[in-house]
Every structure is written in structure tokens, then in C-alpha cells.
2 protein chains.
Amino acid sequence: MTADDIKAMLHASKTMQAIQSEVENTNRIALSVDCVIFGFEENKLKVLLIRSDLKKYKEKWSLLGDLIKPNEDLDSAAYRVLHQRTGLDDIFLEQVHTFGTVKRHPAGRVVTVAYYSLINVEHHKLKILDNELHWQDVKTVTDLAFDHQEIFDTCYKRLQKRIQEHPLGFNLLPKKFSLRELQNLYESILDLKMDRRNFRKKFFSMNLLTDLNEMEKDVPHRPGKLYQFNFKKYEKNKKTWIGIDF
Amino acid sequence: MTADDIKAMLHASKTMQAIQSEVENTNRIALSVDCVIFGFEENKLKVLLIRSDLKKYKEKWSLLGDLIKPNEDLDSAAYRVLHQRTGLDDIFLEQVHTFGTVKRHPAGRVVTVAYYSLINVEHHKLKILDNELHWQDVKTVTDLAFDHQEIFDTCYKRLQKRIQEHPLGFNLLPKKFSLRELQNLYESILDLKMDRRNFRKKFFSMNLLTDLNEMEKDVPHRPGKLYQFNFKKYEKNKKTWIGIDF
DNA sequence: AAAATAATGTGTTAATATTACACATTAAAT
DNA sequence: ATTTAATGTGTAATATTAACACATTATTTT
């Protein structure tokens, strides 16, 4: 039995007081949230970035984040960051991973919980006046500040996986959209081309779309039909959504 | 523009000193890891539980966890807990989710990062002498201490999903195993019955198994062939493992 | 006004993957 | 020697996925 084992055994019989003391006096660590905010604009998947807070990293872009307050729920902190930056509530948000190596942040030990979210860019265009903040095509995102590149990569991969398992894409589109827009979205996120006929067949067979009997307007070509996402049917069929698998 | 928005703008231009001060003086939170340690024994999927540390919860079982030290990487803390409890190194370990509501732990604000791990019970049987620690059939796990039931449920679901996407099961089996053992494992984890012929066909077609040309011994019936996992071929085919999908 | 352009909209076939299903064989136990 | 309880094996039906081309429509250009 090693020293560690003995310590572990002792730990097992720790009292409430001992734990409280540890929680209160030692072992506390700064915790932050970082949000990878995705948007879809000009047929490209984009991410909202901010110039790094720290002078040392002034030339680099970073994710939107903030420290979590001691009396604040983790998810609330993520929603707060989102709301502060986009003005939007009721946003799709998913926790992805927690990054916690000792030296990940230059300002000291900060463990960060990464989230990604999907927003409809149309809804908050006004907010982006600040030149410290911008939407960047995900294809061009490299060399973010700190470990934010790794966080971004992890979240982007998660999005790519999730969108093949669940109909998340609608969070990125306006209420009314054409099938072409929907397909462009999937192609952008997954970075591949799909067959139009198979794409349409798949989505129609899933009964997720409501035909609005309206047509696109102001497009420089034959207009397509407009659809909206049918939330009710999705709830019903949640178990049977098994991936796009084009 | 709301007060929050203004605060956000100000935050964007925070200096290194301001951040360091926040990191060092305020906003620090106790962080822990909790591990859902799965094992496979007597044809059942089991989880390693410990009697709750706190008197108040003395009648309840809880997951294995500990506070993270300020100079310790997150993953290292999880490995440390595992090593302390099982004596094993080189264990499969995956981070799942971070639980961080303000009131989740009675001893104060503690945010916890949940991991699950898969171990071969044969390798550490000796350790379980302590009656504060036991292996419990996952089917009977209810009403754990604190929010550990939720953490357990989340990790168990993750395992069920992962095992359909990656060949993780081998971490739970002895080096040499029969196809029946492998199938029992999958059936236990996924809580369903599968067709033997289809199961075998699937695994053989994936080229993951090496036939050892040995037979089971000391079984009260016709012995089956023994196999081992072929790691090399798995690495090669990583991209093409697309789920069991029985 | 006619022609060119650039997109939408639609069905079928082949290939692949999944599911369903039954009987002979082997070693141990009785 | 018989019974028992498991292993080991193949095929046909079904469902899913992938590949593929042409007519139609509205806009733009000439």
C-alpha cells in the first residue's frame, strides 16, 4: 500500500468540517466560461471573436468568456456572457468540455468550461459596431490567444458531430428558409458537398419541415419554396433522429 | 444598451493586472473531480461506489472524487483519484461534463468535473477489502448522495453512446475473452439482447479481433474460442468505426 | 422580345448494410 | 450412454444509402 493509498483511506472518513474547511480556505481556483458562438452569414459558418483582453496577446483574437462568480450557476454564467455580447436570450447552448491544465492561462490558474452556441445572425446584427468584436469564417480561424484555438477546435468538432445526430441547424437560420439555404448550412458546417436530391429526400422523410407555401423573394434566380422547422414533430420523433449520413 | 452591456464593453478592455487581481483575490471556487468507475464482473456492468464522506449522507453511496489542487492539472486529478482507489495506471478515462450549480454540494460551492473510466476488475480485486467501498450493479444504482445520481446517469448514458461509436469494451475485459463474454458485455452496457450470429459477423468484419487459437477452460459447457483485441487494426480503421447499430 | 443563364424541382436504380431466422456440433454433467 | 447447455455457422428479406440527368422557372442579358 502506497502513501497515496493511505491518504485516500483517510480521506474516505473525512468529516463535514474538514471538507468545509478545504472548500473555504484552500484549494480554490478561478473558474471561467468561454463561449464559441457560431453564426451563419453569407453562406459561411462564422464564429464571434473578440480581441484578446491581455496586452501581451493584443494581436490575437479570443473567444468570449468571463470569470464565473461564486454565487452564479455555471450555465448561468455562459448565458450571461452570451447575453452581454449578443443581446439575445433563449439561445441554443451546449457545454462541451472543461480545460484545466495548470498553465493554460497567463494570468494564473484559471480552469475554463467551454460552451458553444448557435445564433441567428440576423437577430443581433446591430450589436457588432465595436471593432474589438467580429464575425470570422471558421475556415480562417487559426492561432487564437491562449489555448482558445484548442477550445475552438473541440467545440467545432462537437458541433459537426451533433448536427449529424440532432436537427440543430435551425438555430442558425432565419425562421423561414429555403432548402438550398438549409443545405448550404449543412455543407458549410460539415465542409462537404451533398447531393441535392438525397438531401431533400432525407429532410422530407424526417417530417421536420413545414411547407409555408411561400417563395423566396429578391433572389437573382428562380425562387425556391420557403419552409420552417416543425418543432412539434421533432419532439415526437426525437428518438428516431439517427444522423444525416449522406 | 443595458447596464450589463456596458459592463461587458468595459470588461473587453480589462488589463492584465485587473484580470490577475480577479483571479487571485476574488471569484475563486472549489473544484473537484468525480469519477464513475465502471467494471464488468459476473456478466454485469458495475460501478465502484464509496460511502458518502459526510455524516449527513452516511446512508448513501457516492462517487469517488476529490478536490483539485491549485497546482494540479484537471486530468491529473482524475487519474490520481483512480489510482488511489484502484491502484491502476493507464486506465481509460474520459471527461464527460462539469456540474456547477451553486447549491449542488452541502459543504459549500464546489464545481465538479465528471469523468468515467473503464477498468478490468480482475486487475485490482485485492483492493476492495474496505467495506466503505463496493462494486454495485448499475441496474440497482439509485439515490446516490448529493447530485451524484445525476452525474452517474450522465456518465452511463455517455458510455452507452461511446461504446456504439468506438471499441471501448475491451477496457473492461481480460486480455483473452470469448465472443460470448464480449457479447454479454455489450448486452449489459446497452441493456438489450442481440442476435449472436449478427454480433459475430459484425465484429469479425471489423477486423478488431485476433483469434488466439485457444479455448476457454473450466467452463461448464462447450468451451468457446478465445480472442484478443487487435489494437493495430483499430488504429488503422479508426475513421471507419461507425457504430455497432445492431 | 428572344435568348442565355442559373437556379429549383423531381425518380429510379444499384450497392450496401441491417435484420431475421434454425440446425448441427461439441464438451461437460448426469 | 444420454442429456444438457452452450458454441458455431449461412442465407434471404428488408431497409438504407449513394449515384445519377433532365425538365422547369424566373431573372438577366442581348
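Sequence lines set the chain letters: A, B, ... in the order given, protein chains first and strands last, and positions in each chain run from 1.
Residue-level contact check: Arg180(A) touches the backbone only, with heavy atoms under 4.0 Å from sugar-phosphate atoms and none from bases. In this structure, Arg200(B) reaches the bases: a heavy-atom distance under 4.0 Å links it to at least one base atom across the strands shown. Residue Lys201(A) is in base contact, counting any heavy-atom pair closer than 4.0 Å across all strands shown.
Atom CG in Leu182(A) sits roughly 13 Å away from atom P in dG9(C) (whole-Å rounding). Rounded to an integer number of Å, the gap from CZ of Arg196(B) to P of dG10(D) is 14 Å. Straight-line distance from the CG atom of Leu179(A) to the C1' atom of dA7(C): 14 Å, rounded to whole Å. Nucleotide dG8(D) holds its C1' atom 15 Å from the CZ atom of Phe199(B), rounded to whole Å. Atom CZ in Phe204(A) sits roughly 12 Å away from atom P in dT8(C) (whole-Å rounding). To the nearest angstrom, C1' of dG8(D) lies 17 Å from CZ of Phe203(B). With rounding to whole Å, Asn43(B) atom CG is found 11 Å from dA6(D) atom P. Rounded to whole Å, atom P of dT13(C) lies 17 Å from atom CG of Asp195(A).
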Can I get a per-line list of side-chain donor-acceptor pairs under 3.5 Å for residues 174-182 of chain B, giving both atom names and the distance, sequence neighbours left out?
residue: Lys176(B); atom: NZ; partner: Glu214(B); partner atom: OE1; Å: 3.2
residue: Lys176(B); atom: NZ; partner: Glu214(B); partner atom: OE2; Å: 2.9
residue: Ser178(B); atom: OG; partner: Glu181(B); partner atom: N; Å: 3.2
residue: Ser178(B); atom: OG; partner: Glu181(B); partner atom: OE1; Å: 3.4
residue: Ser178(B); atom: OG; partner: Glu216(B); partner atom: OE2; Å: 3.4
residue: Arg180(B); atom: NH1; partner: Asn184(B); partner atom: OD1; Å: 3.2
residue: Glu181(B); atom: OE1; partner: Ser178(B); partner atom: N; Å: 2.9

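Side chain to side chain, Asp89(B) and Tyr79(B) fail the donor-acceptor criterion of an N or O pair below 3.5 Å. A donor-acceptor contact under 3.5 angstrom links the side chains of Thr98(B) and Thr98(A), judged on distance only. Asp34(A) and Thr112(A) form a side-chain donor-acceptor contact under 3.5 Å, judged by distance and modelled atom types alone. Side chains of Gln183(B) and Glu187(B): a donor on one and an acceptor on the other come within 3.5 Å. Side chains of Glu150(A) and Thr154(A): a donor-acceptor N/O pair is absent below 3.5 angstrom, by distance only.
Between His148(A) and Phe146(A), the two ring planes are perpendicular [angle over 60°; tilted spans 30° to 60°].
A salt bridge between Asp147(B) and Arg104(B) is present, with a side-chain N of the basic residue lying under 4.0 Å from a carboxylate O of the acidic one.
For the atom pair CD (Glu165(A)) and CZ (Arg162(A)), the distance works out to 5.5 Å, reported to the nearest 0.5 Å.
When the C1' atoms of four end pairs are superposed on the next four at each end of the helix from dA1(C)-dT30(D) to dT30(C)-dA1(D), using five pairs per end, the two resulting axes differ in direction by 10°, to 10°.
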Dump every N/O contact between nucleotides 25-30 of chain C and the protein below 3.5 Å, one line per pair.
residue: dT25(C); atom: O2; partner: Arg222(B); partner atom: NH1; Å: 2.5

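Regarding contacts with the backbone of dG9(C), every side-chain N or O of Lys225(A) stays at 4.0 angstrom or more from both OP1 and OP2.
No hydrogens or angles were tested; on distance alone, a donor-acceptor pair under 3.5 Å links the side chain of Arg197(B) to the base of dA22(C).
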